[in-house]
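Reviewing the structure listed below.
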Amino acid sequence: MKIGFIGLGNMGAPMAANLAAAGHDVTGFDMADVTVSGVTMAGSGAEAASGRDVVITMLPNGDILRAVAAEILPAMDKGAALVDCSTVDVDSARTVAEQAETAGMLFVDAPVSGGVGGAEAGTLTFMAGGSEDAFAKAAPLFEIMGQKAVHCGEAGAGQAAKICNNMILGATMIVTCEAFALADKLGLDRSKMFDVVSTSSGQSWSMNTYCPAPGVGPTSPSDNGYTPGFAAELMLKDLRLSQQAAESADADTPLGQAAMALYEQFVEREDGNGKDFSAMLPRFADRSRS
Ligand code: NAD
């Protein structure tokens, strides 16, 4: 397939490289001066999108997606597919979907889970929204870049699934860290706490797979000085998107809101910026109740 790839940052670059390595003809564009193995660089987004069967975007946020879509949709062929893999707000995904469909293009919102490691290894999970035709066109590419793709529903459904998942993750990580800090103060050994909780009803991905306590459970960013992994500021971004969506859908999400406020405090007023999101554990361990 002829593929355009716009946004070749930490995630986009290895995803584009995997598509090129699988034999696809990939033309890329990024505002920054980057080179990616196997990818021909274009001078603009429109040039990267023109004459392509599928154009993939992997951009920082919804405003940038809207701006890039306004530039590239007029350059794309009718019947081509725009596949946005960025994590953006549901409203931006739906707006760009409408614009693409009006212009005679297919659209899929397909945010990912799995981080930079998953992008490099080609083991991402894609959660996709869009028509059956649009999903079918993108599916072979998801197979190269990832290990699983779930078609969640119409346009916007992929972003909805992503922010609901990450709202659960953020709140669960916080309470797992709180519980370790409480266990410390109660004199309970962290490895005993892990042995019990990881096989009891308190278990979760945060505890079992990504344990925030160094030296306990499988290797995780806590064993590497809380170098991300999944940075606290990216968790804050996703929690903000979840609350923006909750606001516009009139959904009551008190724990999601509290999780957003805590990550906001950690990233913007404490020392959480640049640390893994599981670094909430030393934060709680160093504090007292008031
Ligand atoms: P990044 O900042 O490394 O990459 C974004 C790239 O987009 C940059 O290279 C930037 O130069 C480029 N860009 C910005 N504006 C542009 C424009 N107008 N035209 C062309 N290029 C432009 O970010 P990332 O970590 O690769 O994340 C990309 C998306 O994936 C985000 O939406 C993020 O939330 C999501 N995501 C990231 C992770 C992760 O672990 N990093 C995990 C899951 C999802």
Side-chain angles (χ1 to χ4, degrees), residues 4-18 26-36 39 41-50 52 55-73 75 82-90 92-93 96 109-128 142 145-149 158-167 169-170 173 205 210 220-221 226-242 244-245 263 267 273-278:
F5 207 117
I6 301 173
L8 298 162
N10 293 322
M11 297 290 291
M15 291 164 72
N18 283 337
V26 186
T27 300
F29 175 71
D30 194 289
M31 289 221 319
D33 187 15
V34 293
T35 52
V36 179
V39 175
M41 296 306 291
S44 69
E47 193 186 321
S50 146
R52 305 272 114 189
V55 178
I56 301 176
T57 46
M58 194 51 170
L59 297 162
N61 60 48
D63 287 342
I64 295 176
L65 169 66
R66 286 174 193 245
V68 168
E71 182 198 342
I72 65 174
L73 284 172
L82 173 57
V83 180
D84 178 47
C85 295
S86 330
T87 303
V88 303
D89 56 289
V90 175
S92 289
V96 172
D109 55 296
V112 303
S113 151
V116 176
E120 286 168 353
T123 56
L124 295 168
T125 296
F126 289 84
M127 31 221 122
F142 295 152
M145 298 184 286
Q147 61 182 353
K148 188 175 170 72
Q159 298 295 350
K162 167 85 185 176
I163 57 171
C164 288
N165 180 74
N166 280 21
M167 188 172 84
L169 175 62
M173 180 55 83
W205 186 86
Y210 205 89
S220 70
Y226 295 99
T227 302
F230 186 47
E233 58 271 24
L234 287 179
M235 174 49 81
L236 174 58
K237 172 192 169 181
D238 292 357
L239 288 167
R240 281 181 168 146
L241 290 175
S242 76
Q244 191 181 333
Y263 274 103
V267 168
N273 196 36
K275 290 188 178 159
D276 189 74
F277 84 119
S278 63

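Indexing begins at 1, ligand by ligand and atom by atom, following the structure's order. The shown structure was predicted, so the numbers you read here are calculated from the model rather than taken from an experiment. Just so you know, these numbers use all the heavy atoms, side chains as well, and skip hydrogens, waters and symmetry mates.
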Full working for side-chain contact (heavy atoms from CB on, under 4.5 Å) between Val112 and Met145:
CA-CA 10 Å; Val112 303; Met145 298 184 286; over 6 Å; no
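At a heavy-atom cutoff of 4.0 Å, ligand 1 is contacted by no atom of Asn61, backbone or side chain. At a 4.0 Å heavy-atom cut-off, ligand 1 does not touch Met235 at all. Proximity of Pro60 to ligand 1, defined as any heavy-atom pair under 4.0 Å, is shared by backbone and side chain alike. Neither the backbone nor the side chain of Val34 has a heavy atom within less than 4.0 Å of ligand 1. At a heavy-atom distance under 4.0 Å, only side-chain atoms of Val68, from C-beta outward, approach ligand 1.
Summarising the geometry, atom CG belonging to Asp33 is positioned 11.5 Å from atom CG belonging to Leu8; distances are rounded to the nearest 0.5 Å. If you take CZ on Arg240 and CG on Asp89, they are separated by 13.5 Å, rounding to the nearest 0.5 Å. For the atom pair SG of Cys85 and CG of Leu65, the computed distance is 11.0 Å after rounding to the nearest 0.5 Å. For the atom pair CG (Asp238) and CG (Leu169), the distance works out to 9.0 Å, reported to the nearest 0.5 Å.
Atom 16 (C) of ligand 1 has its closest protein heavy atom at Met31 CG, 3.4 Å. Closest to atom 30 (O) of ligand 1 among all protein heavy atoms lies Met58 CE, 3.1 Å. For atom 4 (O) of ligand 1, the nearest non-hydrogen atom of the protein is Gly9 CA, 3.3 Å. Of the protein's non-hydrogen atoms, the one nearest atom 40 (O) of ligand 1 is Gly115 CA, 3.5 Å.
Inter-residue side-chain proximity for Met11 and Val116 is flagged as met; some heavy-atom pair is nearer than 4.5 Å. Two residues are said to be in side-chain contact when any heavy atoms from C-beta on lie closer than 4.5 Å; Thr87 and Gln159 meet this criterion. In this structure the side chain of Phe230 reaches within 4.5 angstrom of the side chain of Asn166, judged on heavy atoms. Inter-residue side-chain proximity for Phe277 and Pro221 is flagged as unmet; no heavy-atom pair is nearer than 4.5 Å. Within the 4.5 Å cutoff, the side chain of Met41 has heavy atoms near those of the Val34 side chain. Inter-residue side-chain proximity for Met15 and Phe5 is flagged as met; some heavy-atom pair is nearer than 4.5 Å.
At least one donor-acceptor pair closer than 3.5 Å links the side chain of Glu71 to the backbone N or O of Ala46. Using modelled atom types, no side-chain atom of Gln147 and backbone atom of Thr125 make a donor-acceptor pair closer than 3.5 Å.
The shortest N/O to N/O separation between Asn10 and ligand 1 falls below 3.5 Å. Ligand 1 has no nitrogen or oxygen under 3.5 angstrom from a nitrogen or oxygen of Phe29. Taking distance alone, with nitrogen or oxygen atoms compared against 3.5 Å, Asp30 approaches ligand 1 more closely than that limit. Residue contacts with ligand 1: Thr87 is placed with a nitrogen or oxygen under 3.5 Å of a nitrogen or oxygen of the ligand (distance criterion only). Below 3.5 Å of separation, one finds an N or O of Lys237 facing an N or O of ligand 1. Every N/O-N/O distance between Val112 and ligand 1 stays at or above 3.5 Å.
Near Ile6, meaning under 4.0 Å from any of its heavy atoms, are these atoms of ligand 1: 20 (C). The atoms of ligand 1 that sit less than 4.0 Å from any heavy atom of Leu59 are 7 (O), 13 (N), 16 (C), 21 (N), 22 (C), 28 (C), 29 (C), 31 (C), 32 (O). Proximity to Ser86 (heavy-atom distance under 4.0 Å) selects the following atoms of ligand 1: 32 (O). Interface of Lys162 with ligand 1, defined as ligand atoms under 4.0 Å from a residue heavy atom, comprises 43 (C).
Considering Asp63, Ile64, Asn166, Thr125 only, the shortest heavy-atom separation from atom 15 (N) of ligand 1 involves Ile64. Nearest to atom 26 (O) of ligand 1 by heavy-atom distance, out of Glu71, Met11, Glu233, is Met11.
Protein heavy atoms are found less than 4.0 angstrom from atom 18 (N) of ligand 1. There is no protein heavy atom less than 4.0 angstrom from atom 2 (O) of ligand 1.
Between Val55 and the choices Asp84, Val83, Leu82, the side-chain contact (heavy atoms from CB on, under 4.5 Å) rule is met once, by Leu82.
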